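Before any comments, here is the structure.
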2 protein chains.
Amino acid sequence: MNISLLDKQQLKSGYLLAALGEPEFDAVLERSTVRALAQGERLFDQGDPCTHFFFVLSGIIKLCRVAPSGEEKVMDLVRQGYYFAEAVMFMGGHYPVHARALEAARVVALDNQRFLELLRGNSDLCLRMMSTMSRRMHGMINEIDHLTLHSGAQRVIGYLLEQLPDDVAPPSVRLLVPKHVIASRLGIQPETLSRVLARLRGEHLIDVHDDTIVLNDVEALRRLS
Amino acid sequence: MNISLLDKQQLKSGYLLAALGEPEFDAVLERSTVRALAQGERLFDQGDPCTHFFFVLSGIIKLCRVAPSGEEKVMDLVRQGYYFAEAVMFMGGHYPVHARALEAARVVALDNQRFLELLRGNSDLCLRMMSTMSRRMHGMINEIDHLTLHSGAQRVIGYLLEQLPDDVAPPSVRLLVPKHVIASRLGIQPETLSRVLARLRGEHLIDVHDDTIVLNDVEALRRLS
DNA sequence: AGAGGCGCTTGATATAAATCAAGGTGCGCC
DNA sequence: GGCGCACCTTGATTTATATCAAGCGCCTCT
């Protein structure tokens, strides 16, 4: 599928490509395509040869690993306006995770070869790329920290605080994905997530209405996380 | 402390700087210093302003986080010939972990500002840097995977196999750091590590002599990991 | 309308790993 | 020498979380 003007604008507004001039930007687009994915559709599997990286135009992409047992760990949930798999191109080879559309989604697939050519001659773009990668690494360090040094309940609270937009009153979070996906993201079972939320509700720290969670005492929650 | 010729050679043989020509390499060295650290000595703390990244000439550097409770999680153990904290410079700000010398160590401290200048004009160096960062990210993905999808015993086995040099017979691993450090690295308690090793010993899958572990059945261990 | 399926919750039970506790070994140091 | 101190091991107990199981509300499809 070809790329509409609107898509182009969205793509260019992302941090990574904002550094590019018109001719370079067009050069990237030349070999880029838009992929529309149905709910649950596969974008790539772990181990697939890595040829492209991606930008999310709409919808949510789930990046996950699956254990031999079939159990699945959600590594990341990528939303509109974010990139993913951009770091893989530097090791070539294969995608280290599976990518699935959690809901109907549209992504831009950017050609690795073409982009590497561009990087070779544009160290400003390189620095942006490295900044993006660095940010991602910090996120992973925090994730490892949380998985090892914090309890399940603490990770849940941390997730809620992380998702909290800083402009809403009362402070509240919309869960945009099914709870069992969030549980996997946090490395706990759905039952455990349910119980943690029930406990927090019992302590009047939060209120739950469908997929909206109101944080009644952000300070107290912050102390607990 | 100044940099000896031998140190220079070691530094230059690392992947990252191997791309540099003589004048550029000298430019990097100009603002670099060698730091000798005693056992247990602090190199930097989490939150310290990030001004340098490092290369290990000798000894072992421990990168860790510590929980409010005081409990410590070893994020990485950096050996001779490897870099660390090189990705932090792109986000500026602060070190995300503590760095300590596990044993007496010598490191080269490379000035971030100077290195960034160099990167700005050298996209070949940029690509090497990105490759290094990409490799590190893959390691972190695997770490998160292991922490969530594998049991303590499986992580221990995975660690042993990872450390296994591929040229020794019989297949064996020298633990170069105290066992409680490895336990923290794996996200388990020292007692648990001890028990796992005892169990594997009981099943004749490994033999333990002091800090050397002989893997009697690599294939079987690989199946278990 | 009824059947089936999915997502979620709640309860009962099981289990891996942490914690608590004690003892052993080796080592530096007074 | 012998005392204190890491480091490690092993046993007993506790605890957080997973697992198993059942039930509910909601949606879709026939």
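Chain A is the first sequence line, chain B the second, and so forth, proteins listed ahead of strands; every chain is numbered from 1. A quick note: this is a predicted structure, and the numbers were derived from the prediction, not measured.
As rounded to whole Å, 14 Å separates atom P of C:dA16 from atom CD of A:Glu71. Rounded to a whole Å, the CG atom of B:Asp210 is 14 Å from the C1' atom of C:dC27. At whole-Å resolution of the value, CD in B:Gln39 and P in C:dC27 are 15 Å apart. Taking atom CG of residue B:Asp211 and atom P of nucleotide C:dG26, one finds them 14 Å apart after rounding to whole Å. In this structure, A:Ile213 atom CD1 and C:dC8 atom C1' are separated by 13 Å, rounded to whole Å. Rounded to whole angstrom, the span from the NE2 atom of B:His150 across to the C1' atom of D:dA18 amounts to 17 Å. The distance between atom CD of B:Gln189 and atom P of D:dT10, rounded to the nearest whole Å, is 17 Å. Rounding to whole angstrom units, CZ of residue A:Arg195 and C1' of D:dA16 are separated by 11 Å.
Checked for salt-bridge contact, B:Asp48 and B:Arg42 meet the test: a charged N lies under 4.0 Å from a carboxylate O. Look at B:Arg136 and B:Glu143 and you find no salt bridge, because none of the NZ, NE, NH1 or NH2 atoms lies under 4.0 Å from a carboxylate O.
A close approach under 4.0 Å does not occur between any side-chain nitrogen or oxygen of B:Thr192 and OP1 or OP2 of C:dA17. Considering only side-chain N and O atoms, A:Lys179 lies under 4.0 angstrom from the phosphate OP1 or OP2 of C:dT9.
In this structure a side-chain-to-backbone donor-acceptor pair under 3.5 Å is present from A:Ser184 to A:Glu72.
Residue A:Glu191 places a side-chain atom within donor-acceptor reach of the base of D:dC20, judged by atom type and a 3.5 Å distance cut-off alone.
Annotation: of the two residues near DNA chain D, B:Leu197 and A:Ile188, the 5′-most nearest-nucleotide partner is B:Leu197.
Among the atoms of the strands shown, none is found under 4.0 Å from any heavy atom of B:Leu193.
The side-chain heavy atoms of B:Ile213 and B:Asp207, taken from C-beta on, include no pair separated by under 4.5 Å.
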